[in-house]
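Because the structure is predicted, anything quoted here is derived from the model rather than measured. Sequence lines set the chain letters: A, B, ... in the order given, protein chains first and strands last, and positions in each chain run from 1.
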There are 2 protein chains.
Amino acid sequence: MSIFSKLSFKDKTFKLREQAVLDATTTLLASKGFDLMTMDDVAGEVGISKPSLYKHFKSKEDLATEVMIQLLDDALTYLDGQEPTLTSRERLENLLEWALRKRLEGGLPFLPSGSPHVREILTKSLRYLTRAYKLHKQLGQIVDSAKEAGELRTDLPTDVILFSYYSRTCDPAVDYMQLYGHYSADAIVRHMLTITFEGIAGSARS
Amino acid sequence: MSIFSKLSFKDKTFKLREQAVLDATTTLLASKGFDLMTMDDVAGEVGISKPSLYKHFKSKEDLATEVMIQLLDDALTYLDGQEPTLTSRERLENLLEWALRKRLEGGLPFLPSGSPHVREILTKSLRYLTRAYKLHKQLGQIVDSAKEAGELRTDLPTDVILFSYYSRTCDPAVDYMQLYGHYSADAIVRHMLTITFEGIAGSARS
DNA sequence: GTCTATATGGGGATAGAC
DNA sequence: GTCTATCCCCATATAGAC
């Protein structure tokens with residue numbers, strides 16, 4: 001018997017609505033960005049009034065933070081559920097593919113780092129930072145394993161590899177491929193993986 | 001005798017002030033982003049009043065657009081001034097290094113593409129688009145030459161390589177290396193070039 | 001052309017009725 | 001808890017005096 005089933009009907013609908021708000025916010029953040037997204041947009045998208053929105057989330061910043069926290073939780077869950085038989089490099093490739101496909105379906109990249117504003121907001125949330133740190137630590141271990149296995153360059157510091165890896169999830173190249181290049185989701189994912197791991201020169205030079 | 005010297009003293013100071021406005025805007029755009037930058041910020045930074053600002057630029061969008069146009073002009077000038085003895089790959093490396101160093105000194109990345117808002121503004125400016133297209137076309141030729149010379153992968157479409165290349169100039173990884181990794185400008189440039197051309201796996205795998 | 005002072009509008013947040 | 005109606009700040013943009 002789950003905790004959820006203990007809730008009254010009213011509480012259930014409240015929770016469901018809350019998730020609808022989070023989903024709508026995710027879509028809006030992905031399309032318009034934080035600064036251009038208005039609380040009216042969110043309320044309108046969900047079909048509720050603005051004051052109702054504020055019963056769930058005390059501010060716009062709070063709402064956006066919750067969305068990002070949920071995203072990091074999803075990423076951590078994905079990492080946790082990966083087959084233990086995978087190599088470290090495969091684990092990194094799979095997670096990146098997961099993030100890119102999510103984004104191509106209208107979702108958010110973790111780290112909407114492009115925006116200094118959003119970054120500032122997120123760094124004020126301890127709950128967000130805890131998860132970001134946890135993810136960073138786990139990925140750091142995977143990168144180190146990959147280095148030992150000869151699957152990643154050893155002449156790049158681990159944190160540099162990680163910063164670059166995160167950045168690929170919010171790479172504007174994805175938008176351009178989709179918007180101007182009309183590439184399929186599969187093609188975009190394939191190209192992004194090549195670019196991330198092998199670079200634009202890659203084997204051509206060796 | 002330059003055109004400039006024909007201007008009256010008043011016109012000269014007007015032009016000089018205009019450049020000061022553009023410089024201040026560049027710095028502010030780089031640090032705060034378009035949405036958070038206010039016209040009061042710009043006026044205050046330059047030491048003039050807001051109405052004076054509007055004598056130079058008819059709107060905030062116009063101001064930002066001019067800054068971006070100037071940046072593209074600088075890039076085109078840099079490309080034009082490159083030694084003809086350089087290989088195509090070297091030309092790409094040098095331009096990327098030029099852009100990264102400019103950014104590390106507080107300048108703007110061409111394409112502040114992170115922001116959907118700015119992208120929308122820029123696509124409304126014919127003068128901007130003309131320059132962007134010119135740069136895109138020139139770089140496309142260089143990439144094709146590099147492919148023929150075996151300096152770049154041939155299994156990636158040229159436009160994909162270009163989209164990825166542009167994205168490196170505004171890569172958040174640069175911010176993270178600077179902010180959290182405390183890497184020197186030289187180290188950041190070196191790592192970014194490696195990541196761009198050789199990827200994070202690169203030769204480790206071959 | 002430069003300023004002080006102000007108009008205008010949008011959007012985050014809330015009061016108060018039901 | 002939900003809504004309608006409203007507050008109010010802030011930032012873009014301008015009016016009008018000098």
Over 60° means perpendicular and under 30° means parallel, so tell me whether B:Y183 and B:H191 are parallel, tilted or perpendicular.
perpendicular

Between NE2 of A:H56 and C1' of D:dT2 the distance, given in whole Å, is 10 Å

Between CG of A:L63 and C1' of C:dG11 the distance, given in whole Å, is 15 Å

note: B:K60, atom NZ; C:dG10, atom P; distance rounded to Å ~ 16 Å

For A:L36, the side chain to side chain contact (heavy atoms under 4.5 Å, CB included) test, sequence neighbours excluded, returns A:K32, B:D35, B:H117

Separation of D:dT14 atom P from B:F57 atom CZ, nearest Å, is 15 Å

Residues passing the side chain to side chain contact (heavy atoms under 4.5 Å, CB included) test with A:E120, sequence neighbours excluded, are none

Closest non-hydrogen atoms of B:I200 and A:S164, given as atom of the first, atom of the second and distance, are CG2-OG, 4.1 Å

To the nearest angstrom, the CG-C1' distance between B:D62 and D:dA13 comes to 13 Å

Separation of D:dT14 atom P from B:L53 atom CG, nearest Å, is 12 Å

Taken to the nearest whole Å, NZ/A:K15 to C1'/D:dG1 is 15 Å

So, with a heavy-atom separation below 4.0 Å from DNA chain D, the residues of residues 29-42 of chain B are B:M37, B:T38, B:M39, B:D40

Each nucleotide of nucleotides 3-9 of chain C classed B (base within 4.0 Å of a protein heavy atom), S (only sugar-phosphate) or -, in 5' to 3' order, makes BB-----

Residue pairs meeting salt bridge (Lys or Arg N to Asp or Glu O under 4.0 Å), one or both in residues 122-133 of chain A, sequence neighbours left out, come to A:E61-A:K124, A:E66-A:R127, A:D73-A:R131

For A:E151 and A:R89, the nearest pair of non-hydrogen atoms, with its separation, is OE1-N, 3.0 Å

task: With B:R119 as the cation and A:Y180 as the aromatic partner, state whether NZ or CZ is under 6.0 Å from the six-membered ring centre and within 45° of the axis.
output: no

Rounded to whole Å, the CG-P distance (A:L16 to D:dG1) equals 14 Å

B:K134 meets the salt bridge (charged side-chain N to carboxylate O under 4.0 Å, His left out) criterion, sequence neighbours left out, with none

Query - Within 45° cone of B:Y78 ring axis and under 6.0 Å: B:K102 NZ or CZ - result: no

